[in-house]
Amino acid sequence: MRDFAPPTGNQMREIEDAIRAGERNRDMMVLVRNYCANARIEKFGGTGMIERETGLPIGHHGMRCDFAPEGGMASWDLRDAAIDFYDRNCAGCAHRKPLRLPNLLKIIADRDRKQATREAQAEADSRAAAKALAERDSTRAALMPKLGAVARTLLEDIGVFDADRSSENCERVTQSARLAPEHFSPDLVQYVFALGTNHPWFAETALIILDAVGAENKMVVELAVDILKRGYPASVAVQGLFPRLETLSAAAVAGILAAAIDLADPGELDFFYGSEDSRPRDSRLLEGLWQCFRAEVVVTVEQMLLSGRRSDLQRAGRALHVLHAVDRTATTSILRTLASVYVRAPSLVSDLEDDEDRLPDLADALNDAFDVAPQEVDNLLQSLQQGAPASHRARIVKVYALAVQVGYDDPPVSASSLRHTLALKRLVWAPTVERDDKVIEEVASAFRSGSKGLENVVRAQLDAFTGALFLLDDRLAQLEAAINEPAENVFVAMERNTRRMVVRGLMEQLVDWASEAATGDSPSVAKIIGLFDTIPEGRDNLRGILLGATKELSRDLDGLKQLLPHLYAALVGSSVLGRSCAATAIGELPYHSITNIPDLLFEAFGALLRDQYVMVHKTAVAAFQRSIVPERYRINAANAILSLIHYYRTQSKEDAFLAECVSLLAGMADLFGNQSGLVRRYLIDVAMDIDPIFLRSCILSLSHSLGHEAEFAKLAARMIPQMADRYNQSDTASKLLRKVTKEGLASYAGAFHDAAVAVLDIELHTALGIVEAFLLAGMVGEAESLITALVDSTGDNVRFRRRRRMLQWPRLAMQFEAAVSARDLDRMAATSRAWMEAAVADAQDQEDGRERSARSSLPF
């Protein structure tokens with residue numbers, strides 16, 4: 001087994017791409033700084049590991065300047081953001097301070113040169129198109145004397161459509177063919193055929209016309225094949241070709257099969273066709289080719305499978321999946337190639353996204369084959385597994401994982417289903433003999449999907465599940481012993497721990513599947529419970545993991561009755577791991593079983609909250625949050641949690657657990673009766689010492705239980721800067737502010753003042769929300785002081801001009817209210833004028849913003 005897993009090929013490519021992006025951004029930063037002394041670069045988002053290691057500016061960056069309005073885009077490639085910023089703000093700027101060459105103008109000049117080249121090419125293309133149109137008009141003019149009056153009109157309509165290829169003009173031409181086919185003379189028909197053959201833009205229209213006027217089958221088929229050979233999945237080609245399949249040559253099948261497949265199942269063309277429900281599907285041509293040219297279709301699909309291109313493999317998979325619906329032997333006709341290519345894809349496919357790429361369309365086709373010939377597919381997969389590298393073995397596991405999946409609305413699978421029985425058996429035993437991390441992770445992933453619908457199959461294989469548990473426990477013991485061995489570096493230690501957690505998680509999943517299947521079946525329940533008596537002494541891992549069956553087996557009275565003695569023995573046993581697992585099991589007991597559980601069990605569980613071992617009481621606290629412990633035992637639990645808070649408050653690096661305990665006890669404060677207020681205030685003091693990062697997820701729930709305490713205001717003021725979020729438009733900070741009482745706001749006005757200043761650059765909305773809170777609480781002086789501080793903290797330049805105006809509104813509102821209260825008409829008039837002037841200036845700023853946006857050459 002590997003001690004360290006090196007990056008995969010795809011991961012190496014991603015790392016190399018990130019480094020190249022950082023190097024481009026680094027060079028671009030030099031050009032920006034050389035262009036103007038006022039320009040600077042700002043980073044958007046956090047710093048990744050590659051950026052820390054290389055020092056390169058990897059990630060989203062944007063260009064900023066004090067003489068440009070606030071805002072602007074940030075991009076992974078700084079070049080895009082810099083060009084956009086230049087177009088909006090820098091062209092013609094009077095404040096520029098150039099430093100040295102080369103600078104940003106080099107990029108702008110290059111952009112302008114390319115744009116000029118594109119415009120010149122577009123103009124040349126336009127001239128060439130006009131010349132070609134003139135030549136086609138000349139051809140039509142030469143044909144005119146050979147046609148009758150009506151036919152000439154029809155030819156003129158084609159000329160109009162040639163000049164303006166609108167849907168209306170196209171409809172006029174095709175409708176004329178449908179309504180007056182007799183007027184299409186042989187010469188006109190021959191012209192339509194030639195024009196459609198030589199000019200793709202007219203091909204589909206020509207095909208509709210030829211079909212409508214009853215042209216020779218050879219013409220229609222040739223034009224339809226020509227359309228499909230270009231790769232256009234055009235339904236009109238099917239309409240022309242399908243009724244005439246008997247005239248199609250076998251040699252043409254290979255050229256049109258790809259288009260026929262895309263018509264039957266567009267697959268990854270969702271981008272063009274919309275959602276799965278709205279995209280067009282027409283399998284008639286594919287099915288017709290299968291009926292008439294089966295051998296050619298098989299050969300072509302096999303060539304797709306062997307092409308080494310991902311798109312061809314996926315297309316072949318879609319073809320087989322569609323054909324499976326009309327002929328269940330379609331997938332088995334090339335089963336060996338299908339299975340071999342899927343399993344060996346990492347070695348055969350050059351553009352595979354990564355080794356873990358499931359190739360979903362191809363996987364569906366292989367799953368269809370598994371459904372038709374399960375034993376044959378299983379034998380083939382086992383032969384491919386012999387001596388195969390890990391990446392291939394992992395893909396074999398993917399096949400088995402897909403084979404056991406059951407649709408959400410599908411009925412339960414019968415225990416006699418050979419496909420599901422074979423696949424499940426392989427998945428259960430694979431991790432007992434497999435040693436590669438990637439393969440085992442694939443097995444674990446298969447079991448994480450849940451056993452819904454497979455209960456009958458699992459119940460029939462309970463012996464396999466229990467046997468695998470014992471073998472995996474041996475493996476887990478070896479891995480845990482290796483944890484204590486010296487590691488070469490931190491990565492090796494992390495790999496060992498991850499490997500151990502995967503195996504343990506897999507054992508837990510096996511127990512979940514087995515217990516879910518056994519529920520309601522007394523012999524099966526007895527078989528699982530009986531394992532407790534067969535576990536040798538000292539195998540605490542297996543005994544603890546087996547307690548995970550509590551969640552399912554305790555749903556009925558018989559299972560609960562058989563399980564309770566073992567659960568109680570674990571609660572009061574000497575094993576630390578056993579007590580921890582038993583606490584978790586108590587937290588998973590269903591509520592309806594509360595009346596059937598003896599008090600002794602809850603008393604034993606409550607004692608775990610005071611257990612001297614950290615592992616036990618931490619697990620007990622986590623379990624208590626979701627447990628069904630009766631009300632009469634909760635006050636003792638609350639006191640135990642309060643004791644834990646007393647202790648852990650003095651411990652370092654325990655803020656996460658301390659926050660969990662504070663959140664839990666805050667919801668139980670009422671149990672302390674007359675002392676509840678004292679407890680709440682104590683919890684607030686404790687929370688003030690916890691790192692805010694651990695309170696972010698629970699602060700709103702704390703506000704519900706602690707918010708009516710005036711002291712909660714100091715905690716809210718401390719947390720508001722942590723909750724403000726400009727980029728995700730979160731209003732958590734505002735919600736938290738609304739939970740603060742007026743008394744608390746007044747007592748800790750200074751803290752909220754500092755919080756507003758702290759969030760000014762992060763979220764102006766939150767800062768103004770604090771001003772509003774002061775005003776609603778009648779704290780006008782504090783509001784005025786805060787507005788002054790916010791204005792003073794805002795730069796007096798173009799960039800922050802709009803922000804300063806936003807801060808001006810509440811100040812003007814306060815001045816107007818003061819003037820109204822004093823009945824000072826002059827002040828009222830002056831404030832009104834100032835308000836109107838600010839409104840006009842703000843409107844001008846918005847118009848300026850729209851004008852700046854229109855300057856960008858980017859398409860957004």
Margin query: Run the side chain to side chain contact (heavy atoms under 4.5 Å, CB included) test on M63 and C90 for me, step by step, so that the C-alpha distance in whole Å, both residues' side-chain angles and the decisive distance to 0.1 Å come before the verdict.
Written below: CA-CA 11 Å; M63 184 173 168; C90 298; 4.0 Å; yes
Notebook entry, point to check: Q846 and R802: side chain to side chain contact (heavy atoms under 4.5 Å, CB included), yes or no, with the steps?
Noted result: CA-CA 9 Å; Q846 294 185 47; R802 187 120 198 272; 3.4 Å; yes
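Using a 4.0 Å cut-off between a side-chain N of Lys or Arg and a carboxylate O of Asp or Glu, E847 and R850 qualify as a salt bridge. Note on K106 versus D110: no salt bridge recorded, every NZ/NE/NH1/NH2 to OD/OE distance being 4.0 Å or above. A salt bridge links K714 with D685: the closest approach of a Lys/Arg side-chain nitrogen to an acidic carboxylate oxygen falls below 4.0 angstrom. In this structure, D361 does not pair ionically with R315, as no charged nitrogen and carboxylate oxygen lie closer than 4.0 Å.
Scanning all heavy atoms of the two residues, the minimum distance from S701 to C698 falls at OG-O, 2.7 Å. Shortest non-hydrogen contact noted between G59 and N25 is O-ND2, 3.8 Å. In this structure, Y748 and A713 approach most closely via the heavy-atom pair CD1-CB, 3.7 Å.
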Donor-acceptor contacts under 3.5 Å from residues 735-745 side chains, at least two apart:
residue, atom, partner, partner atom, Å
K739, NZ, H704, ND1, 3.1
T741, OG1, G744, N, 3.0

Only distances under 3.5 Å count here; give the side-chain donor-acceptor pairs of residues 767-790 to other protein atoms, sequence neighbours excluded, each with its distance to 0.1 Å.
residue, atom, partner, partner atom, Å
T788, OG1, E784, O, 3.0
T788, OG1, R811, NH2, 3.0

Would you mind writing out the side-chain donor-acceptor pairs for residues 827-841 within the sub-3.5 Å range, not counting sequence neighbours?
residue, atom, partner, partner atom, Å
T831, OG1, R827, O, 2.8
S832, OG, M828, O, 2.8

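Shown here is H708, whose NE2 atom has more than 12 heavy atoms of other residues, nucleotides or ligands within 6.0 Å. More than 12 heavy atoms of other residues, nucleotides or ligands lie within 6.0 Å of CG in L133, so this atom counts as buried by the packing criterion.
By the 4.5 Å heavy-atom criterion applied to side chains, D164 and E168 are not counted as neighbours.
Using a 3.5 Å distance cut-off with no hydrogens or angles, the side chains of D731 and S734 do not pair a donor with an acceptor.
Side chain of D848 to main chain of E851: no donor-acceptor pair is present (N/O by atom type, distance under 3.5 Å, no hydrogens or angles). Judged purely by atom type and a 3.5 angstrom limit, R680 uses its side chain to pair as donor or acceptor with the backbone of S705.
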